[in-house]
Amino acid sequence: MKTEEALPKNYDFKISEEKWRKSWEDNKLFEFSYNKGDKLFVVDTPPPYVSADHLHAGHIMSYAQAEFIVRYKRMQGFNVFYPMGFDDNGLPTERFVEKKYKINKAKITKKEFIDLCLKETEKGIETYKNLWNKLGISVDWSKTYSTIAPLPTKVSQWSLIDLYKKGALYRQELPILWCPTCGTAISQSDMEDKEKTSKMNYISFPISNGESVIIATTRPELLPACVALYFNPEDERYKELINKKAVVPLFNHEINFKTSKEVDKEKGTGLMMVCTWGDQEDLEKWRLDNLETKSLLTPDGKLNELGGKYQGLTIEKAREEIINDLQKQGLLIRQEDIIHSVNVHERCDTPVELILSKQWFIKIADLKDKWLEMGKKINWHPKHMYQAYEIWINSLKWDWCVSRQRYYGVPFPFWYCKECGEIIIPEEKDLPVSPTEQKPKISKCPKCGSTEFIPETDVMDTWATSSCTPFLLKELANNEDLFPVDLRPNAHEIIRTWDFYSIVKSVYHFNEVPFKNIMVSGHGLDEQGKKISKRLGNYVPSDKLVEEWGADAIRYWATGAGLGQNLRFNPIEIKKGKQITTKLWNVAKFIAMNMEDFDTNKEYTLEPSDVWILNELDETIKKATEYFDSYQYAKAKNEIEEFFMSKLADYYIEFIKYRLYGDNKSSKGAAQYTLNCIFIDTLKMFAPILPFITEEIYSIIFKKQKSIHISKWPTTKETKTDLDISDFKEAISAIDEVRKYKSENQISLGAELKEYKLNTKVDLNKYGEFIEKAIRVKKINC
RNA sequence: GGGCGAUUAGCUCAAUUGGUAGAGCACUUCGUUUACACCGAAGGGGUUAGAGGUUCGAGUCCUCUAUCGCCCACCA
């Protein structure tokens, strides 16, 4: 071995990381090619929204954490399929473009808008690709997909058609969740809670006997759509009202009183106004009691003709004017300021409305048991994340509305017969189709013979396309064995969307769960513990981070949180990552300097310290392997680091210096042999976390294979020896004692003591010479 | 209101199935040693959020309380 000159004094991560990125790419190291019988490990990694122009430590964290596992599995001999995709269609991208270009929808054509989306999509993909490359994310870039491209479009359309044929997809006119700002139907999972300040209005309703009742509401603008008043049948205050009628103030239509046990006597005035529709409660009463339908809102969130003099006003404006008018007529009894949480559309913060509309739905709400049962078949890492899934399933109230009245997305593959409304479906071989640009292949409606067809203009919910990824991957590599996938890594906020919808689809299509394992990562937090967000601007852009610290150091930081846990951004931890790489470098240098005369072919007689460190190594390999196998990269890192820093660097190297520098050839050889063994395995164990420095050192010192990342993960070896080193710990304690003595007496560790009397009990016949030489004492006594 | 997770040294976090509370950073005192000053050694620092319970023994198990984060419900 001749390596000394090859290791410069300092490690330059900028040069080295760039070099290996290029080398891995040139050598196609991570490209997937499959031979029947290979152990597969297929990763269905989240296709990020390309609209993210604000990549930060949180993104680095979650993708790096999944990648630790991927690199580990690759070294374990799995044939890894790890493609990356981009989720580039749908509302997130549209909203991003609207905001970025301050789009006025009246002044832009659909085509211009879509072109802008495409342009931003391209840019976004480049930004991500660049970051993943810099970070050393080992994806197979030859198998990239984007959700709007022909193949994913085809798969998404096939999926809908299959669901339709199986009766799981239906089109119906129903009260649905609607976002007035985005002008589209949305689904339950697109909503989130938001605290809003509002006013509770106490409004007087005249009743037929000349008296009046008071109802409390935050939404007086719904008065024109008020269809009934409810009270609890046991509420003595209102019992007599049951046969009376009330008159809706300002609008003067008569409504009935009804009872329901679900009305809470304590809430408001105990009288509940039901409008079609203000909230879930209204909807249920409407369904249950067959109430009249009074559709009040237009798609852009204004009152329609039912609003009378308030027609054309926005919800907020109508609320304001109705309150004014009620006040003028003395019908507004009082107002209270309140803070309540409102369901808003997560993409734009607009309160969600319920309107009557014809949409496409996938049946999910009535099959909760099935989704729960299927969810249990998946290994959730960490386990309690299943509960997040369970809670969501149990809260399902709506079928999944998959149609969106938007532009930039995968089109629904349907036409309708103009005469009879028959749904015309293309054949699978003709997919993908764009109904607005193409005519159906058939010339006549099979039902009525009409020759005119109307295209469906809706596009799919963004999740309707991304939920296909588990079975898109097999199409991407044209290989049926790739389904179901082995690992789905993602953040916890998309359990209810990406994970759940993926399960729904795979169960419908193949009666099988789409993935065997889910690993859920937490959020990146800023140094104060706040969630990193674009709005707060509390982050350093990810590319700057990598530039400043290097990929290995940032990746090291990403090991700091266990699965599902949030992780604070912490420069000290990144620094520590850098420190580890420096330490690895220096140890490598030390080894290179002392390996010149090492003959790998000789047999060596191991000494106690050699056996000790080899046993420690075995123990570390065992634990690190167990931890990686259970997705606990954080614990694995701790074990490896502890071994490397505290056992190898702090002790073993000090233990053997006298042998390496001395004249005893066979003793030196044994130390060289041991050092060689333990260092290569240490490097390998660090490789999934610190891919660059380990590759650099491996390439210089060991050179066995073209890359450490395709070398075999270390296994335990059971060192063969006649030595009993069960008391070796005592020798270490003795060394510690001398170290402490030297430190307390301000003697340098290098200075040789003439004599030292140990307090520690240790077998000096066995370890005396070793202790004397390792800690530099001429004569040691007990 | 319900659920999940958390609460351990000044800070960030560890602690297998219950068995003497540990590390890093920071702090203090030393030390330039032929891998490393992008360094090394040693030291101080704790009523494990609080209260009760089970146990020979509790950071760990149970109950309650407090605080933080997240999810769900709540729009009368």
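Labels below follow one simple rule: chain letters A, B, ... track the order of the sequence lines, proteins then strands, and each chain is numbered from 1.
Taking atom CG of A/L584 as the reference point, atom P of B/C38 lies 18 Å away to the nearest angstrom. To the nearest angstrom, P of B/C75 lies 16 Å from CD of A/E266. Protein atom CG of A/L222 is 10 Å distant from nucleotide atom P of B/A76, rounded to whole Å. Atom CD1 of A/I735 is separated from atom P of B/A41 by 13 Å (rounded to the nearest Å). Atom NZ in A/K285 sits about 10 Å away from atom P in B/C75, given to the nearest Å. The interatomic distance linking A/W380 (CH2) with B/C4 (C1') rounds to 14 Å, in whole Å. Rounded to whole angstrom, the span from the OH atom of A/Y651 across to the P atom of B/C36 amounts to 21 Å. Spacing between atom CD of A/E221 and atom P of B/A76 amounts to 11 Å, rounded to whole angstrom units.
A/Y756 has its ring centre less than 6.0 Å from the ring centre of A/Y741. The ring of A/F13 has its center no closer than 6.0 angstrom to the ring center of A/F692.
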Between A/K576 and A/E641, does a salt bridge (charged side-chain N to carboxylate O under 4.0 Å, His left out) hold up when you go through it step by step? CA-CA 11 Å; A/K576 208 174 140 197; A/E641 180 182 307; 3.6 Å; yes

Residue pair A/E221, A/R319: steps toward the salt bridge (charged side-chain N to carboxylate O under 4.0 Å, His left out) verdict: CA-CA 5 Å; A/E221 73 278 13; A/R319 183 180 301 174; 2.9 Å; yes

From CA spacing to verdict: side-chain contact (heavy atoms from CB on, under 4.5 Å), A/S260, A/V263: CA-CA 6 Å; A/S260 162; A/V263 174; 4.1 Å; yes

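Taking 4.5 Å as the limit, every side-chain heavy atom of A/T350 sits out of range of all side-chain heavy atoms of A/W178.
A distance of 7.0 Å separates CG in A/L525 from CZ in A/R568, rounded to the nearest 0.5 Å. In this structure, NZ on A/K742 lies 6.5 Å from OG on A/S748, to the nearest 0.5 angstrom. Between atom CD1 of residue A/I640 and atom NZ of residue A/K623 there is a gap of 12.0 Å, rounded to the nearest 0.5 Å.
A/D552 places a side-chain N or O within donor-acceptor distance of the main-chain N or O of A/I693, the cut-off being under 3.5 Å. Side chain of A/D12 to backbone of A/K14: a donor-acceptor contact under 3.5 angstrom is found.
When the nearest nucleotides of RNA chain B are assigned to A/L567 and A/F590 by heavy-atom distance, the more 5′-ward of the two goes with A/L567. Comparing A/M200 and A/R776 along RNA chain B, the residue whose closest nucleotide (by nearest heavy atom) sits nearer the 5' end is A/R776.
The nucleotide whose nearest atom lies closest to any side-chain atom of A/A216 is, among B/U34, B/A73, B/A76, B/A76. Of the listed nucleotides (B/A14, B/C4, B/U12), B/C4 has the atom at the smallest distance from the side chain of A/Q387. Ranking B/C4, B/C75, B/U12 by closeness to the A/D279 side chain, first place goes to B/C75. The A/E281 side chain lies nearest to B/C75 when the options are B/U12, B/A41, B/C75. In the set B/A76, B/G69, B/U12, the nucleotide with an atom closest to the side chain of A/T217 is B/A76. Of the candidate nucleotides B/A76, B/C36, B/C70, B/C70 has the atom nearest to the side chain of A/H492. Side-chain proximity of A/K740 to B/U12, B/A76, B/G43: nearest is B/G43. Closest to the side chain of A/N343, out of B/C75, B/U34, B/A42, is B/C75.
Annotation for A/E336: atom CD counts as buried by contact number, over 12 foreign heavy atoms lying within 6.0 Å.
Under 4.0 angstrom from either OP1 or OP2 of B/A37 there lies no side-chain N or O belonging to A/K583. In this model, the phosphate group of B/C75 is not approached by any side-chain N or O of A/K196 to a distance below 4.0 Å at OP1 or OP2. Of the side-chain N and O atoms in A/R219, none sit less than 4.0 angstrom from OP1 or OP2 of B/C75. Phosphate proximity of B/A15 to A/K635: present, with a side-chain N or O under 4.0 Å from OP1 or OP2. Side-chain N/O atoms of A/S395 include none lying less than 4.0 angstrom from OP1 or OP2 on B/C71.
Contact annotation for A/A561: no contact, since no heavy-atom pair falls under 4.0 Å across all strands. Contact annotation for A/K589: backbone-only contact, meaning every heavy-atom pair under 4.0 Å involves sugar-phosphate atoms and none involves a base. Residue-level contact check: A/N10 touches the bases, meaning some heavy atom is under 4.0 Å from a base atom. A/D193 comes within 4.0 angstrom of a nucleotide base, judged by non-hydrogen atoms across all strands. Among the heavy atoms of the strands lying under 4.0 Å from A/H340 is at least one base atom, whether or not backbone atoms are also near. Using a 4.0 Å heavy-atom criterion, one finds that A/V274 contacts no nucleic acid atom at all. At a threshold of 4.0 angstrom between heavy atoms, the contacts of A/T269 are confined to the sugar-phosphate backbone, with no base atom among them. As judged by a 4.0 angstrom heavy-atom cut-off over every strand, A/E573 is placed among residues making no nucleic acid contact.
When the P atom is compared between B/G59 and B/U20, the two are found 10 Å apart, to the nearest whole Å. Taking the P atoms as reference points, B/G69 lies 15 Å from B/U12, given to the whole Å. Here the separation of B/A6 from B/A14, taken at their P atoms, is 10 Å to the nearest Å. If you take atom C1' in B/C56 and the same atom in B/C13, they sit 32 Å apart, rounded to whole Å. Atom name P, nucleotides B/A66 and B/G50: the rounded distance is 16 Å, in whole Å. B/A76 sits 33 Å from B/U67 when the C1' atoms are compared, rounded to a whole Å. Comparing the P positions of B/C39 and B/A26 gives a spacing of 10 Å, expressed to the nearest Å. B/U48 and B/A23 have their C1' atoms separated by 16 Å, given to the nearest Å.
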Show me the dot-bracket string of RNA chain B, counting Watson-Crick or G-U pairs under 3.5 Å, with | for pairs to another strand and [ ] for crossing ones. (((((((..((((.....[..)))).(((((.......))))).....(((((..]....))))))))))))....

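The only option from A/Y501, A/W392, A/W400 that meets the side chain to side chain donor-acceptor pair (under 3.5 Å) definition with A/S189 turns out to be A/Y501.
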Sugar-phosphate or base contact per nucleotide [nucleotides 25-32 of chain B; S, B, -; heavy atom under 4.0 Å]: S----SS-

